[in-house]
Structure formats: structure tokens, C-alpha cells
S.K.: 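Following this message is one structure expressed as C-alpha cells.
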Protein chains: 2
Amino acid sequence: MGTTRLEAVQEPKHRHLKTVIGEALDSEFAVGQILPNERELAARFGVARATLRQALEQLTLEGRLQRRRGVGTTVAPPRMGVDVSTSSQDWPGGPGDAWESAGCLLTAPPTAVSIALGTDSDGDEQVHTVRRTLVRHGQPVAAELLYVPQVFAPEGTDVPSATAGAVEVLRALRRLPLDGQDRAVELGSAGADDAKQLDRLPGAPVLVVTTRYVSADRTAAVSVATYRADTCRLTFGD
Amino acid sequence: MGTTRLEAVQEPKHRHLKTVIGEALDSEFAVGQILPNERELAARFGVARATLRQALEQLTLEGRLQRRRGVGTTVAPPRMGVDVSTSSQDWPGGPGDAWESAGCLLTAPPTAVSIALGTDSDGDEQVHTVRRTLVRHGQPVAAELLYVPQVFAPEGTDVPSATAGAVEVLRALRRLPLDGQDRAVELGSAGADDAKQLDRLPGAPVLVVTTRYVSADRTAAVSVATYRADTCRLTFGD
DNA sequence: GAGTGGTCTAGACCACACG
DNA sequence: GTGTGGTCTAGACCACTCA
């Protein structure tokens with residue numbers, strides 16, 4: 001990155017800067033390599049630190065950089081593919097499911113989930129709420145909240161330990177016939193809880209995958225899974 | 001939004017601000033309603049404009065606000081569901097396909113696409129490149145580049161008009177047997193061309209859907225579709 | 001304690017939309 | 001022309017990591 005100044009262009013500086021740095025990443029940097037710090041880079045390009053940060057933030061959003069406070073900015077590896085295909089028709093917690101249960105509570109779900117579940121949408125009705133995590137290459141890549149009305153998993157209610165409760169709820173689900181599921185993907189930002197599990201700051205961009213599990217014409221469970229948008233590419237194999 | 005000051009908290013101001021404004025949106029504002037301008041809001045909450053903007057940017061990313069220069073900040077409608085299910089196994093341009101062709105060129109594709117196509121990955125080999133747009137409710141929501149090696153669509157090569165060329169390439173594809181497809185979704189940011197078609201600024205967040213069409217064990221086409229992340233929720237019906 | 005990225009301020013000017 | 005969001009600056013302090 002030998003460049004010292006930006007040429008005069010009509011394009012905003014931060015956008016041009018992003019292009020220049022992006023090209024430098026391709027040609028002059030290896031994965032994992034650490035970049036000069038923000039103050040150094042800003043000086044080198046002759047811009048304010050805030051302007052440089054706009055460019056770095058874009059590159060981070062695109063998964064090309066990783067930044068950690070107190071450490072530095074490093075070149076990110078290519079995103080890993082994570083299979084979320086629906087064709088392996090099965091309940092969560094089934095065979096080949098790599099998620100790890102982290103706990104189970106009874107809570108009143110968010111209203112959007114209440115509606116999907118067809119439970120009392122005034123938000124009073126409590127449902128089983130199973131927290132799970134997906135780890136790949138030693139790194140947490142997704143956090144999930146699975147909502148199951150008590151009707152579908154009566155056994156789980158009185159279990160002492162939280163993780164044992166999760167196992168119990170998942171087991172109850174698997175005893176039901178699975179008639180179908182539908183799925184949606186959208187952009188979101190990590191809440192405080194998800195952020196902690198994903199080892200990111202709150203507000204970090206995530207891909208939110210919402211799955212509705214249908215059994216006998218009723219919604220038996222709703223899963224809201226948030227995948228780290230910087231490190232994941234969701235794949236739908238055929 | 002009668003609030004005037006933020007309480008002292010340990011949480012960063014911009015994050016707390018985002019929460020406060022987000023709650024106000026739910027309770028005090030209607031879809032399409034216009035918010036006070038940035039300077040006004042910043043003054044009202046007793047923060048610098050840049051801090052306020054961090055909060056508004058987050059809410060925009062989550063699809064809760066729409067901002068247009070020279071106009072103002074308005075409350076966004078809920079995201080619309082866009083079906084991208086792979087189960088309706090068909091070539092692009094088939095029946096029920098709502099995309100509109102916008103042009104057709106011969107270009108050397110990006111290296112990632114070259115690799116997927118199995119064409120000469122030195123990037124010299126030219127392929128048909130069809131530009132298409134998806135419009136919903138009078139609003140452009142996605143822009144696509146469809147890459148088809150000339151082997152699979154020889155007829156399209158010498159057509160005079162660009163849009164006629166697109167039709168020709170799509171017609172040639174439909175004559176091939178479609179043996180399968182796979183798909184991936186990831187977060188990206190709009191390039192200059194996509195931004196223009198999507199009526200957004202370059203760098204706007206998009207959901208990038210990459211589809212590989214397989215015919216007789218060969219990749220016959222690769223589609224790279226970018227959906228506006230602020231307005232779209234991708235759905236995979238079953 | 002030194003160095004990093006994260007937050008925040010108080011200004012300024014620009015590009016764009018609209019009457 | 002007026003008002004909006006978008007860009008940019010030159011500082012400051014904080015939270016975190018690591019030697």
C-alpha cells in the first residue's frame with residue numbers, strides 16, 4: 001500500500017479510499033495480516049480519521065476486514081459457507097444437526113413470533129425458549145432462539161437444569177410429524193445477547209433466518225437464527 | 001418523541017439513542033411519516049449530529065427508516081417478502097418469472113464467476129451477460145447479472161439490439177435440460193451500477209443471491225442477484 | 001503503560017430536491 | 001433560495017488488549 005495521496009475525483013473520498021484499499025488487500029496483503037493502524041493510514045492517505053473509518057467500515061461489512069479493539073485491523077479469510085438448506089427435512093436437534101443447546105427458559109416471545117405461532121398475541125402466553133449456538137472452526141457463527149409452545153412439549157416444563165430442559169423440548173418436537181417448513185432471510189443487527197454469543201459488538205450486521213416448522217397444519221415451532229454476516233455465506237444446496 | 005435528554009448510562013450514546021428512537025417509531029409514528037431533521041433531533045437529544053446519525057444509520061440498516069437527501073427521513077413500511085425459492089425448478093426467464101431484461105453484452109466475468117462457470121479463469125473468455133431488474137409495487141428491489149457461456153447460447157451472439165439479445169439468450173437456456181441448481185446468500189454492498197438500478201447510493205447494503213444452474217453436469221449459467229437489504233425479506237417457501 | 005479501535009464533539013461545506 | 005441528508009475535518013477521551 002505505497003500510495004500516499006488520493007487523486008482529485010468527484011467521487012466521495014471514502015468511497016474512492018475503499019476501492020484503493022480493497023485493491024491493495026487483493027494484491028499486497030495475505031489473509032490474517034495486520035494493517036497499519038487507523039491514524040497511520042489516515043495520515044498516509046491525507047484524510048481525517050473519520051473518513052478513513054468510513055472506508056474500513058464498508059470493507060468490514062463486506063467481510064474483507066476484521067477489526068478488534070486493542071488489537072488492530074486484519075485481513076479476513078473468505079466467508080465460510082454454512083448450509084441452511086431446507087431439503088434435509090427435519091426438526092432441529094435431529095441427526096446431523098451441529099447446533100449446541102445453551103439453555104432453556106419459559107418466556108413471552110416477541111410479538112412477531114407470537115403471531116407466527118398463533119399463540120395469544122397479546123404477548124402474555126409463555127413458550128419454551130431454547131437458546132442454541134452454532135460453532136464452526138472453533139468460532140461461533142450463529143445464535144438461535146427456538147420458540148416452542150408448551151402444548152407441543154409438555155415434558156420440558158418441569159425439568160430442573162436449563163440445558164436438560166432444552167434436550168427435553170427438542171426430544172418432544174421430534175416425536176411430532178414434520179409436515180413442512182418455510183424460511184425467510186433478512187438483514188438485521190445483533191442485539192446485546194446475540195452479540196455476546198457471536199463475539200461481536202452489539203449492532204453488528206447479521207443474517208436473520210426465520211424458520212417456521214409446521215406439524216398437522218399448526219405451527220409447532222419458530223426458530224430465529226442470527227448468522228454473523230461478516231463471516232458467513234448461507235448456502236442452499238439442492 | 002417528547003424526550004429531551006438521554007439519561008446517563010454506561011452504554012454508548014448512539015446505541016441508547018437507537019433504542020429510544022426505535023421505541024418512538026413504534027408508538028408515535030405512522031408509516032411514511034416524516035421525522036424532524038437531523039439538526040433538530042440532535043439538539044433535542046443533546047448530542048452531536050454525528051452521534052445522532054450513527055443511530056439513524058442503524059435504524060436505516062434494519063429497514064425501519066428511509067432517508068433521502070434533500071427530502072428527509074421517513075418511517076419505512078415493513079419489508080416485503082420476495083420469493084426466491086428454488087423448488088420452482090426452472091430456468092430464469094421461464095413462466096412466472098417477473099424479472100425484466102434490461103440489456104445484454106459480451107463481457108469477461110469476474111473471476112469468482114469464471115471459476116463457477118468453469119470457463120477460462122484467466123478472465124479472457126467472454127460470456128453473455130444479461131442485466132435484469134425486479135420491480136415490486138413500482139419500486140426496483142433487485143438487480144441481476146446473469147452470465148451464460150457462449151457455448152450454451154450461440155444464437156444470441158449476433159443479435160442487433162441489446163434487449164433482443166437478452167431474450168435470445170434466455171430462450172436458448174430454456175431449451176437445455178435443467179438438472180439442478182444451488183444457491184447462496186450473503187451480505188454485500190451495492191456497486192455503482194447496481195446502486196443506480198436500485199435507486200440507492202453506492203455502498204448501500206444488499207443481499208447477494210448467487211445461483212448456479214446445472215445442465216448435464218456442467219454449469220450452464222450463473223446468476224448474481226442483489227436485493228435491496230433495507231426493503232426485502234427473502235422467502236423460501238416449501 | 002503503550003497502542004489499538006470505539007465513541008463523541010462542534011463545527012464546515014457539498015449535492016440534491018422542491019417550491 | 002431554502003432545507004434536507006451526505007461528506008469531511010481536527011481534535012478529544014474512553015475501553016480494551018497485551019506485553
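Chain identifiers are assigned alphabetically (A, B, ...) following the order of the sequence lines, protein sequences preceding nucleic acid strands; residue numbering begins at 1 within each chain.
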S.K.: Is there a side-chain contact between A:L134 and A:V82, using heavy atoms and a 4.5 Å cut-off?
M.R.: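 SC-SC contact between A:L134 and A:V82 confirmed.
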S.K.: Is the shortest heavy-atom distance from the side chain of A:V84 to the side chain of A:V185 under 4.5 Å?
M.R.: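 In short, these two side chains do not touch, never coming nearer than 4.5 Å.
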S.K.: Do the charged groups of A:D194 and A:R228 touch, with an N to O distance under 4.0 Å?
M.R.: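 Judged by the 4.0 Å cut-off on N to carboxylate O distance, A:D194 and A:R228 do not form a salt bridge.
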S.K.: Is A:R233 close to A:L207 at the side-chain level, that is, under 4.5 Å between some pair of heavy atoms?
M.R.: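 Heavy-atom side-chain distance check fails, nothing below 4.5 Å.
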S.K.: Taking any atom closer than 4.0 angstrom to a non-hydrogen atom of chain A, what span of DNA chain C does the protein reach, first nucleotide to last?
M.R.: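 In short, chain A contacts DNA chain C from C:dG3 to C:dT7.
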S.K.: Below the 4.0 Å mark, does D:dT4 have OP1 or OP2 next to a side-chain nitrogen or oxygen of B:T73?
M.R.: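 No, because none of the side-chain N or O atoms of B:T73 sits under 4.0 Å from OP1 or OP2 of D:dT4.
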S.K.: Do any of residues 55-71 of chain A sit with a heavy atom less than 4.0 Å from DNA chain C, and if so which?
M.R.: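 Those residues whose heavy atoms fall under 4.0 Å from DNA chain C, taken from residues 55-71 of chain A in numerical order, are A:R67, A:R68, A:R69, A:G70, A:V71.
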S.K.: Using OP1 and OP2 only, check whether a side-chain N or O of B:N37 sits under 4.0 Å from D:dT4.
M.R.: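 So the side chain of B:N37 is within the cut-off, an N or O lying under 4.0 Å from OP1 or OP2 of D:dT4.
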S.K.: With nearest nucleotides of DNA chain D determined for A:R49 and A:R15 from heavy-atom distances, which residue corresponds to the more 5′ nucleotide?
M.R.: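 Looking at the nearest nucleotide for each, A:R15 comes out on the 5' side.
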S.K.: Can you check whether A:L170 reaches A:R132 side chain to side chain, under 4.5 Å on heavy atoms?
M.R.: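 A:L170 vs A:R132: side chains touch.
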S.K.: I need the CZ-P distance between B:R39 and D:dT2, as an integer number of Å.
M.R.: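 For the pair B:R39 CZ and D:dT2 P, the rounded distance is 15 Å.
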S.K.: How many Å lie between CD on B:Q54 and C1' on D:dG5, as a whole number?
M.R.: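 Atom-to-atom, B:Q54 to D:dG5, this comes out as 16 Å.
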S.K.: Are any non-hydrogen side-chain atoms of A:L56 and A:I21 less than 4.5 angstrom apart?
M.R.: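 Sidechains of A:I21 and A:L56: in contact.
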S.K.: A side-chain contact here means heavy atoms from C-beta on lying under 4.5 Å apart; do B:E62 and A:L187 qualify?
M.R.: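 With C-beta onward as the side chain, the pair stays apart.
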S.K.: I'd like to know whether B:R183 forms a side chain to side chain donor-acceptor pair (under 3.5 Å) with B:Q181, so could you lay out the CA-CA distance, the side-chain angles of the two residues, the decisive distance to 0.1 Å, and finally the verdict.
M.R.: CA-CA 7 Å; B:R183 194 157 285 197; B:Q181 45 185 306; 3.1 Å; yes
